[in-house]
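The sequence lines fix the lettering, A, B, ..., with proteins before strands; numbering per chain opens at 1.
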Amino acid sequence: MPELPEVETFKRYIENGSLRRRVVRVEVRNSTVLAVRAEELEQRAQGAMFLSVHRHGKQLFLELSSGGWLTWHFGMTGEPVLFEHEEPRFPRVLFHFADATLAHDDPRMLGRIGWTASVEEFVRRKKLGPDALSISKSEFVERFSRARGAVKPAVMDQHRMAGIGNIYADEVLFQGRLDPRAEVSSLSTRELETMHRNMRRVLRLSIDKGTDFSRFPRTYLLHHRYKGAACPDCGGTVDTVTLGGRTTYFCPACQKSRGTARRVEEEA
DNA sequence: TTTCATGTTCAGCA
DNA sequence: GTGCTGAACATGAA
């Protein structure tokens, strides 16, 4: 579930019931999801409280009353679940409060929980770009002006800008009727500014709707991510192509570009 | 049974 | 350094 809007929703979820409660016990069911030794996590979190939550891109940080921050990434299938009796299906790490538990529920175990002394230091070490909802129009234009290759992988590159993943990259490009294969350096400043605006609109709308896709406009492409789907705009058939190693859904009729990122030499 | 999946990382190559 | 591809991680769902 987790791209920027989902992680922002997780942030609010945690703020809404998991702050300032004492962690009486940390239970690690699968150390695969740990980016820190289990003993260290227990030592730092047990007896402590979560004071605040910060988000950068798809990364979450929980401030610990004992000092430093818990780093929490959700991978492809992770999510936080606060429960009292009904345990979720795939709890990998559990923070037990006196009368409730906050769990990292994650079937595929691609998420990671760790610790850092400073959010800034962590962002620097991971080389994460600016957050997609915080980046200014001018910095967006500047950073994408320096990129080469197809526009979609550039938008998903967390080093360039953090927060956009496969689903939202496709949606942002569809909203702007941009070909995901278009050479990013062929885009004008005006087109980049429009992309920045579309990106903010899509992310904000998703957060406003609680990331519930069923509440998204029917004009959105994300309702049409399956083989043979019809484009919500022109009714043509949605096509797929692999970009950045991920399946990309787009409407070849609506999303046309002057040039694609494929090298001419390779086509000869 | 096979294929795919809202992510990240790394090796190998141009 | 930049970009691209494929594989690995690990498991459920279609």
Strictly under 3.5 Å: I want the nitrogen or oxygen pairs between protein and nucleotides 12-14 of chain C, one per line.
residue, atom, partner, partner atom, Å
dA13(C), OP1, R89(A), NH1, 2.8

* Under 4.5 Å between any side-chain heavy atoms of D239(A) and F250(A), yes or no? -> yes

To the nearest angstrom, the NZ-C1' distance between K152(A) and dG7(B) comes to 13 Å

- Residues L70(A), L41(A); criterion side-chain contact (heavy atoms from CB on, under 4.5 Å); working and verdict: CA-CA 9 Å; L70(A) 195 73; L41(A) 178 66; 3.4 Å; yes

Interatomic distance, NE2@H104(A) vs NE2@H73(A), rounded to 0.5 Å, equals 10.0 Å

Between CE of M76(A) and C1' of dA8(C) the distance, given in whole Å, is 12 Å

| Charged N to carboxylate O under 4.0 angstrom, E142(A) versus R146(A)? | yes

Taken to the nearest whole Å, NZ/K209(A) to P/dT6(B) is 24 Å

Per side-chain contact (heavy atoms from CB on, under 4.5 Å), E8(A) is matched among R55(A), R204(A), E3(A) by R55(A)

In B/S/- notation (B base, S sugar-phosphate only, - none; protein heavy atoms under 4.0 Å), nucleotides 8-14 of chain B written 5' to 3' is SS-----

Checking dA10(C), dC4(C), dT6(B) against the side chain of M109(A) (C-beta onward), the nearest is dA10(C)

Separation of dG7(B) atom C1' from D157(A) atom CG, nearest Å, is 13 Å

_Short side-chain N/O contact to dC4(C) OP1/OP2 from R181(A), under 4.0 Å_ = no

Please determine whether a side-chain nitrogen of the Lys or Arg among D105(A) and R89(A) lies less than 4.0 Å from a carboxylate oxygen of the Asp or Glu. no

Is there a donor in the side chain of H159(A) and an acceptor in the side chain of D157(A), or the other way round, less than 3.5 Å apart?
no

Report task. Tell me whether the OP1 or OP2 atom of dA5(B) has a side-chain N or O from T247(A) closer than 4.0 Å. Result -> yes

To the nearest angstrom, the CZ-C1' distance between F213(A) and dT6(B) comes to 7 Å

Categorize G165(A) for me: base, sugar-phosphate, or nothing, with a 4.0 angstrom heavy-atom threshold over every strand shown.
sugar-phosphate

Min side-chain heavy-atom separation V53(A)-F61(A) under 4.5 Å:
no

Stems for DNA chain B (at least 3 consecutive Watson-Crick or G-U pairs, under 3.5 Å) come to B:2-5 with C:11-14, B:7-14 with C:2-9

Kindly indicate whether the side chain of T77(A), heavy atoms from C-beta on, has any atom under 4.5 Å from the side chain of L110(A).
-> no

D105(A) atom CG is separated from dA10(C) atom P, nearest whole Å, by 18 Å

Phosphate OP1/OP2 of dC4(C): any R148(A) side-chain N/O under 4.0 Å: no

*asked:* Tell me whether R12(A) forms a cation-pi arrangement with F10(A), defined as NZ or CZ under 6.0 Å from the six-membered ring centre and within 45 degrees of its axis.
replied: no

Using the P atom on both, measure dA8(C) against dT3(B) and round to a whole Å. 15 Å

When the P atoms of dA5(B) and dT5(C) are compared, how many Å lie between them, rounded to an integer?
16 Å

Requested in this report: Verify whether one side chain among E171(A) and Q175(A) offers a donor that lies under 3.5 Å from an acceptor in the other.
Outcome: yes

Here the distance between atom P of dT11(C) and atom CG of D106(A), to the nearest Å, is 10 Å

Counting C-beta onward and ignoring hydrogens, is there a side-chain heavy-atom pair between E79(A) and Y13(A) closer than 4.5 Å? no

Separation of dA5(B) atom P from N166(A) atom CG, nearest Å, is 8 Å

